[in-house]
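Letters A, B, ... mirror the listed sequences (proteins, then strands); counts begin at 1.
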There are 2 protein chains.
Amino acid sequence: MYSSELIKGTLKTIILSLLTDEEKMYGYEITQKVKNLTGGKIQLTEGALYPTLHALEAQGILTTEVVNVGNRLRKYYTITPSGKAVAQEKVTEFSEFMATMRILLDLQPRAGEA
Amino acid sequence: MYSSELIKGTLKTIILSLLTDEEKMYGYEITQKVKNLTGGKIQLTEGALYPTLHALEAQGILTTEVVNVGNRLRKYYTITPSGKAVAQEKVTEFSEFMATMRILLDLQPRAGEA
DNA sequence: ATATATACCTAAGAAAATTATGTATTGTAA
DNA sequence: TTACAATACATAATTTTCTTAGGTATATAT
């Protein structure tokens, strides 16, 4: 697990990036996918995730659809076309931010970068 | 300028990395160095910087020395030996965090990484 | 039976930043 | 010469974002 302060500010970017690839996910599924993809190094907390999903929905970036699976509810989130543009911006910005931080922290630049 | 939420959580790492290279800097100098190295893309605010410097000093990670330059005060910060270990940990952790985020966001891995 | 996993949610509090000030000196442009 | 920008420190109120802790309920494994 990374110290939580590092992960701050990346939650929206992570959510929107996953939903760009998958088109349809529910909250719990997002937590599990992130956990699996990162080998447990990033674990989203529900207290952070759900309010953020609600905010993204209120902003028209995500839409929802509630589905009954067995006796349990699942709230699926889908990214809107305008949301996809936001997702792309966020991912690009984070990518550039990493390149800048590499310079600042005196780390190796990525291949193809000067 | 990057959206401020991205930069959150990286301030200590930036400060400690710079002081590992330079051994002695004052607050205003840090803001200028970061601005120059990042082409203005990261600009530290004083309201964030000074309280963080004070906290790092209180934790024994930095020591200070006040110098009179002309009629103006400069408070120089120097990293302690134990502080250097903390700096190294922070930079390494951030580097690993970037690699994890690259996987999560489906970005190109760095050269040398699988 | 009981614990763990699935699945949603909110609210109080903490942490870390922004924004807005305040003080004071020095250099520069009008 | 005066006013603005830059240098140099600092704090306080507010906002943002997250953690921690709690709540509800079903399904599954021990």
Side-chain angles (χ1 to χ4, degrees), chain A residues 1-16 18 24-36 40-59 61-77 90 94 97 101, chain B residues 1-16 18 24-36 40-59 61-62 64-77 90 94 97:
Chain A
M1 272 283 278
Y2 298 118
S3 76
S4 61
E5 55 182 14
L6 274 190
I7 303 167
K8 287 187 184 181
T10 60
L11 181 54
K12 280 182 207 162
T13 307
I14 291 170
I15 292 170
L16 296 180
L18 290 180
K24 192 180 171 195
M25 296 181 87
Y26 55 99
Y28 186 77
E29 186 185 8
I30 293 174
T31 66
Q32 297 309 299
K33 181 110 186 175
V34 168
K35 191 177 170 183
N36 290 336
K41 281 179 251 174
I42 296 180
Q43 289 183 36
L44 305 186
T45 60
E46 296 178 318
L49 178 65
Y50 288 115
T52 300
L53 287 171
H54 301 163
L56 291 171
E57 186 187 3
Q59 291 163 38
I61 292 172
L62 302 178
T63 55
T64 59
E65 177 196 357
V66 176
V67 174
N68 225 304
V69 179
N71 253 339
R72 223 183 271 165
L73 290 180
R74 275 186 196 165
K75 198 167 176 182
Y76 278 97
Y77 289 86
K90 289 245 170 218
F94 188 74
F97 171 65
M101 284 297 287
Chain B
M1 270 285 277
Y2 297 118
S3 75
S4 61
E5 56 182 12
L6 276 188
I7 303 169
K8 288 185 184 185
T10 61
L11 181 55
K12 279 182 207 161
T13 308
I14 291 170
I15 292 170
L16 295 180
L18 291 180
K24 192 180 171 194
M25 297 181 87
Y26 56 99
Y28 186 76
E29 187 184 8
I30 293 175
T31 67
Q32 297 309 299
K33 180 110 188 176
V34 168
K35 192 176 169 184
N36 290 335
K41 280 179 253 173
I42 297 179
Q43 290 184 36
L44 305 185
T45 60
E46 296 176 317
L49 179 64
Y50 288 115
T52 299
L53 286 172
H54 301 163
L56 290 171
E57 185 187 4
Q59 290 163 38
I61 291 172
L62 303 178
T64 59
E65 177 195 358
V66 177
V67 174
N68 226 305
V69 177
N71 253 339
R72 222 184 273 162
L73 290 180
R74 274 186 196 165
K75 198 166 174 181
Y76 278 98
Y77 289 86
K90 288 245 170 220
F94 188 74
F97 172 65

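- Between A:Leu53 and A:Leu62 the shortest side-chain heavy-atom distance falls below 4.5 Å.
- If you find the closest nucleotide of DNA chain C to A:Tyr28 and to A:His54, the one lying nearer the 5' end belongs to A:Tyr28.
- At whole-Å resolution of the value, CZ in A:Arg74 and C1' in C:dT6 are 9 Å apart.
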Applying side-chain contact (heavy atoms from CB on, under 4.5 Å) to B:Phe97 and A:Thr10, what does each step give before you reach the verdict?
CA-CA 11 Å; B:Phe97 172 65; A:Thr10 60; 4.1 Å; yes
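- In this structure, NZ of A:Lys12 is placed 8 Å from P of D:dC18, rounded to the nearest angstrom.
- Nucleic acid contact for B:Glu29: none, since no nucleic acid atom lies under 4.0 Å from a heavy atom of the residue.
- Each of A:Leu49 and A:Arg72 lies near DNA chain D, and the nucleotide nearest A:Leu49 is the one positioned closer to the 5' end.
- Side-chain contact between B:Thr31 and B:Gln43 is absent, with no heavy atoms from C-beta onward closer than 4.5 Å.
- Cation-pi geometry between B:Lys24 and B:Tyr76 is met: under 6.0 angstrom from the ring centre, within 45 degrees of the axis.
- Each of A:Leu11 and B:Tyr50 lies near DNA chain D, and the nucleotide nearest B:Tyr50 is the one positioned closer to the 5' end.
- The residue B:Gly47 sits close to a base: some heavy atom pair falls under 4.0 Å.
- Distance B:Glu46 CD to D:dA8 C1': 8 Å, rounded to the nearest Å.
- The side chain of A:Tyr26 places no N or O atom within less than 4.0 Å of a non-bridging phosphate oxygen (OP1 or OP2) of C:dC8.
- Between A:Ile7 atom CD1 and D:dC18 atom P the separation is 10 Å, expressed in whole Å.
- Between B:Leu44 atom CG and C:dA17 atom P there is a gap of 10 Å when expressed in whole angstrom units.
- Computed from coordinates, the A:Lys8 NZ to D:dC18 P distance equals 8 Å when rounded to whole Å.
- Within the 4.5 Å cutoff, side-chain heavy atoms of B:Lys12 are placed close to those of B:Thr52.
- Here the P atom of nucleotide C:dT10 and the CG atom of A:Leu53 are 11 Å apart, to the nearest Å.
- Here the C1' atom of nucleotide D:dA25 and the CG atom of A:Asn71 are 10 Å apart, to the nearest Å.
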